[in-house]
Number of protein chains: 4
Amino acid sequence: MPTDLLRATRAHTLALAAPLSDEDAQLQSMPDASPAKWHLAHTTWFFETLVLAPHLRGYRLFDERWPPLFNSYYESLGPRHARPQRGLLSRPSLAEVKAYRQHVDAALADLLPTADAATLALIELGCHHEQQHQELLLTDILHAFSCNPLLPAYEASPPAPVQPAAQAWLRHEGGIADIGHGGPGFAFDNEGPRHPALLAPFEISNRLVTCGDFADFIEAGGYREPLLWLSDGWALVQAQGWQRPAYWLDDGRVFGLHGARAMDPNAPVMQLSFYEACAFAEWAGARLPTEFEWEAACGLPGFAQAADQAWQWTRSSYEPYPGFKTAAGAVGEYNGKFMVGQQVLRGGSLATPAGHARPSYRNFFPPAARWQFSGVRLAR
Amino acid sequence: MPTDLLRATRAHTLALAAPLSDEDAQLQSMPDASPAKWHLAHTTWFFETLVLAPHLRGYRLFDERWPPLFNSYYESLGPRHARPQRGLLSRPSLAEVKAYRQHVDAALADLLPTADAATLALIELGCHHEQQHQELLLTDILHAFSCNPLLPAYEASPPAPVQPAAQAWLRHEGGIADIGHGGPGFAFDNEGPRHPALLAPFEISNRLVTCGDFADFIEAGGYREPLLWLSDGWALVQAQGWQRPAYWLDDGRVFGLHGARAMDPNAPVMQLSFYEACAFAEWAGARLPTEFEWEAACGLPGFAQAADQAWQWTRSSYEPYPGFKTAAGAVGEYNGKFMVGQQVLRGGSLATPAGHARPSYRNFFPPAARWQFSGVRLAR
Amino acid sequence: MPTDLLRATRAHTLALAAPLSDEDAQLQSMPDASPAKWHLAHTTWFFETLVLAPHLRGYRLFDERWPPLFNSYYESLGPRHARPQRGLLSRPSLAEVKAYRQHVDAALADLLPTADAATLALIELGCHHEQQHQELLLTDILHAFSCNPLLPAYEASPPAPVQPAAQAWLRHEGGIADIGHGGPGFAFDNEGPRHPALLAPFEISNRLVTCGDFADFIEAGGYREPLLWLSDGWALVQAQGWQRPAYWLDDGRVFGLHGARAMDPNAPVMQLSFYEACAFAEWAGARLPTEFEWEAACGLPGFAQAADQAWQWTRSSYEPYPGFKTAAGAVGEYNGKFMVGQQVLRGGSLATPAGHARPSYRNFFPPAARWQFSGVRLAR
Amino acid sequence: MPTDLLRATRAHTLALAAPLSDEDAQLQSMPDASPAKWHLAHTTWFFETLVLAPHLRGYRLFDERWPPLFNSYYESLGPRHARPQRGLLSRPSLAEVKAYRQHVDAALADLLPTADAATLALIELGCHHEQQHQELLLTDILHAFSCNPLLPAYEASPPAPVQPAAQAWLRHEGGIADIGHGGPGFAFDNEGPRHPALLAPFEISNRLVTCGDFADFIEAGGYREPLLWLSDGWALVQAQGWQRPAYWLDDGRVFGLHGARAMDPNAPVMQLSFYEACAFAEWAGARLPTEFEWEAACGLPGFAQAADQAWQWTRSSYEPYPGFKTAAGAVGEYNGKFMVGQQVLRGGSLATPAGHARPSYRNFFPPAARWQFSGVRLAR
Ligand SMILES: [Fe+3]
Ligand SMILES: [Fe+3]
Ligand SMILES: [Fe+3]
Ligand SMILES: [Fe+3]
């Protein structure tokens, strides 16, 4: 099974990069985003550093000068090229990075038949790590393309139309819910320990807020009414002149993977910041669900668009679950050290690889982030 | 009772400002801090604007040009002088601001005998609001003095010595705890609604971390070991060259309200950021309590230094309690709009006015704040 | 003569500070400006450090902790309090600084009868230095007051009306002119060496550009036409939203030492940046004179408003004259190290102390400076 | 002749870009630098916009969406893509830009046989403009490569060794010198009007300061002695931690077009800022020449390394010559609007195209610029 997952994952990353030119793959449009080429290399470095170097006897690094270039944030794995400068790495070339991938894939294939359980677990982690970067590869290239006045389309074809159900409130009776990953499959460390949480009764929307809904908010002056906004959000509205979602153009079109297209009122609104999500909810007389409410409710009958359209901001900040401990070694840096100043998103998006998300999955971003496939599901 | 509270509160603010010269009272050492003179005026503006103008027939504003100068952050109460420029208001003078206080005090005395319950509640809110600013007046002047190479002392006398009990762990069995303000007395809106929370069993320290404890952390290289730190915290350690708490001098002394004094190993360590608190806890093999644990445990026998030394960072971000709704009107802006990006502190400090804090009291600051009387109580 | 100059200069500084409260005297509204109290102390420190400490036997520093507080920029005279933090020095108080002045004045009086020529020259330098700070005291308090929405007036009385002559062009035939200080009196080092300069024939205006002239420029769209502006200037127009001179209010009034008053079309326009001066000249079909043209022309018959209204931006950057050498020791830091990135202004202003300026006098500021008494005299 | 110049110039730019991959050609390492691909396109846009569109009947723009992408700073030629975002243009691709060049080259070939004198003059200007960008293409890619830890070499071959003459002072007797372009050939507008300038006698070095000379300055503590530096320069030394020239590595190697190589003590020191040049001169007991001295002296017997190694900072700021007027229309924006805040460099460098520089040529950069082929020739 790790073999299949590994092969499929590695192939899918390449497939995602296939529409990109060498020049596209180099783009870094802001410090928080990374070039596609870097994603291709970093996910490979992860396997090389955490799996091959310690566990494949006789493994030789593909290039001894590269690890600092592709170490993202692991203090325990040595020095790192400055994140805002990833777009300045014209060398190694995209072709060299692809050769790096082949070299590592071949070594992993050598290792797999004799790998022990701990090594297999690391390989599985590497696959899920790479899936995370698959989505980031798309969000990051989309942001980069949004900075080009020519507004290139990642995909030339039109998007699949969305026909959401009529909005309805689903009721949850509250009580004690078991939260966190509990089954036998893979989960990230931040999804545990599984633990009970006490919920008051609540209602949650059966679907995501649509572009049409959000256009009403804009029309009603939502971006001009400070009392709808959290204080930090209103400061950004003023300082950066927000008037609509980041990818909504002033000519009525919306930019996305399929290029700039007429706004589809049925499509879920995306690329919202947490602040915009909260202001909309306030205006709509509702609120965001907590991440615990979301997890408890996501199995309710009628709960649509759970993980296939847009991540859903929650009113929960990203904190350790009771009893959470970071693992020893480098993998301990994977999640725990980011547990402050960010908000949890639940669900999954049209850019999330198939099979990646789970009901217990915790995505997280700073509240000002406006370049993810991030939308809103209301609660009350 | 509001009469007594009002008189005592108003007098105490003046008493706190008494040791300050006109020049001291003007100091603003950073955008997040305010001059003492501004605190004196803003707390008065609060009564004038929310109590007198709407509820005292025939009330005349002391000066029609002043409200924008002393409105802090209320969007619904008109324009505001830019916060970072509060220190540029040499006019009105301190004497004029004191006259403003007398004018408003006299009008409040006129109003009190005939005030209805709603108005009395606003006056009570105004008193608790002013008590909050009493502590801020001290934290802010202390920061300003810390920027003067002469290191002036707010109080010439030495501080009272602290003799803490030996460190011990207090056990709480967990279960469902009622959280939030429930009694008849005053509380801020963010302390409610009272609601049950489910806690796992935990232990909490009987006392605060001392300066001696923290010196051990420094000695052990705590400020040089990235794996102890949250990622955002480590970035600040590096960018700002943190090597010790903000008010610890490099000659072994510690700066405080009593000036620069030899570090007292028994005194609680203060003026810590949340990041430093977390790194210390990690190094100590412990963690910070959640705000729910703190509230559930603060009545345990042996729980010392609850509210008389330093506020205690918790591992809880500042979020609305289930069912929280902001009030209509300007008072709705008091707390709710700040509920993102901040951490809750519990307890109270040596600078908190007597009678101000409660077990359900929620203080909050950004995780990087290093100028409050903020310390650490460990849990595990 | 030094005795009289010293007494008069020291007294005049105090007189300029007399209208200011303790709080006013503490204001620092931007890093480039200094509090009036600091000017009072710094000019005193200059005498103490350069005259008394080395030349008065047995002199005791007024306070050993103060020199770093009041050293402005002399690397050779030890450490310095950070310039942007001068406004945070509530201590020493204004009263203590005045006592410092008396202490130093008394010591200078002791020294004068027996001072040798070199010491007398240093005292004379200290007087001219203090005169420079007299003008800065006014420009800096004016900027600080401009940041207060109450717009306090430094002087309650109205300004003297200005009745300029009709504009006329004065012709200079060019040729070799002697530039720089040549006579026996005092001059700063940057005014020499006196040297010949070759000038082409030119014309220069008999008077300064008036507020009325400048209002025409604004009316004609001068702040919206990029082709009138130097590139760096246009970038500032856009980034900072310049629409009129810095002290012109949007209600038609102009702020100055006498408070906010109706714009006087006859008064010289002031507080212009070099960029605004150049854009106006371009719009008017003229140009700014070089500093050499200005000096050669300032004695022409009809050359009015030479030094009594506003400094006049020139098209000359601040560079060393041929053969200029900085003096050894601290006085060598007085001028030379600033000779890059600034533009020369010639003349003098209504805030320049009587007897301070000369035809060879070189004032200098960065081209973006908008808080000096800086205007325009056209040439062509 | 324009035909030959045009063909040679256009071909040379392509040749300079030949060693670059598509990814290299996209790099923009700072706002002041541009990608090689952008240089290729911008120089083409210049011909298309200023020559073909107005002067070739029936000319069709290659792509109507492109002009804003490749307009550098011409306000009169419409909107412009933000300069710091040039590196985000993965589209158009390098191949498309090369097709753009062919399209414009073909149209220019059509136009040339019938072009009138004014059009030919514009074409000549376009050639000299493109030559300027040829040097910038090299300085900019060199800066970009310097940001890559792999330190790629633009050229694999070693640099030609330099064997400078022994240092000697060449004497100029001063007097009136004719400055500025006077002959029949091409010159930029900023080289005129030709005019007399009066010079005092001076001496100028026969050669440039070498890396060996500069290593002595470093060794003597030049980067740690504030009294050697202009004030703005010393501020940068401290704020940015300067310890050696920007391209000197801390392992004793120097980075350049030929990669990282052992420092050659005979080679001219380059990539110096004006501040470093001045500090070195001060330490050496000399000074920088003015641009007038340089021009008057450059024909003296023995004046070596005039234009083949490094541009030479002068002690002259970039100002209009007497009588300078900007041309009407877009070409008027070419030079004039940059005449403030920059220093003149004279000579030429190893990256300057053959035939491009002249004795009257005025290059200019801000005093902090450290990525040009900029060195020092001393005077005294
Ligand atoms: Fe990663
Ligand atoms: Fe308040
Ligand atoms: Fe001074
Ligand atoms: Fe160009």
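Lettering of chains follows the sequences in order, A, B, ..., and the numbering in each one begins at 1.
- Looking at B:P68, there are no atoms closer than 4.5 Å to chain C (heavy atoms on both sides), in backbone or side chain.
- Between B:L108 and B:L52 there is a side-chain heavy-atom pair separated by less than 4.5 Å.
- Listed by chain and residue number, nothing satisfies the side-chain contact (heavy atoms from CB on, under 4.5 Å) test with C:P54 (two or more places apart in sequence, or in another chain).
- Nearest approach of C:P92 to C:F70, heavy atoms of both residues: CG-CZ, 3.9 Å.
- Across all non-hydrogen atoms, the minimal contact from B:A25 to B:L20 is N-CB, 4.4 Å.
- Across B:L40 and B:V97, no two heavy atoms sit closer than the pair CB-CG1, 3.8 Å.
- C:L61 and C:P67 make their closest contact through CD1-CG, 4.2 Å (heavy atoms, listed as atom of the first residue, atom of the second, distance).
- In this structure, the portions of C:L94 lying under 4.5 Å from any heavy atom of chain B include both its backbone and its side chain.
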Counting distance alone, with no hydrogens or angles, which donor-acceptor pairs between chain B and chain C are under 3.5 Å?
from, atom 1, to, atom 2, distance (Å)
B:E23, O, C:Q26, NE2, 3.4
B:E23, OE2, C:K37, NZ, 3.0
B:E23, OE2, C:L94, N, 2.9
B:D24, OD1, C:S90, OG, 2.5
B:D24, OD1, C:R91, NE, 2.9
B:D24, OD2, C:R91, NE, 3.1
B:D24, OD2, C:R91, NH2, 2.7
B:Q26, NE2, C:E23, O, 3.4
B:K37, NZ, C:E23, OE2, 3.0
B:S90, OG, C:D24, OD1, 2.5
B:R91, O, C:N148, ND2, 2.9
B:R91, NE, C:D24, OD1, 2.9
B:R91, NE, C:D24, OD2, 3.1
B:R91, NH2, C:D24, OD2, 2.8
B:L94, N, C:E23, OE2, 2.9
B:N148, ND2, C:R91, O, 2.9

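- Between B:L50 and B:A330, the closest heavy-atom pair is CD2-CB, 4.0 Å.
- Interface check for chain B: of the options C:G87, C:P149, C:A82, C:A144, the most heavy-atom pairs under 4.5 Å are formed by C:P149.
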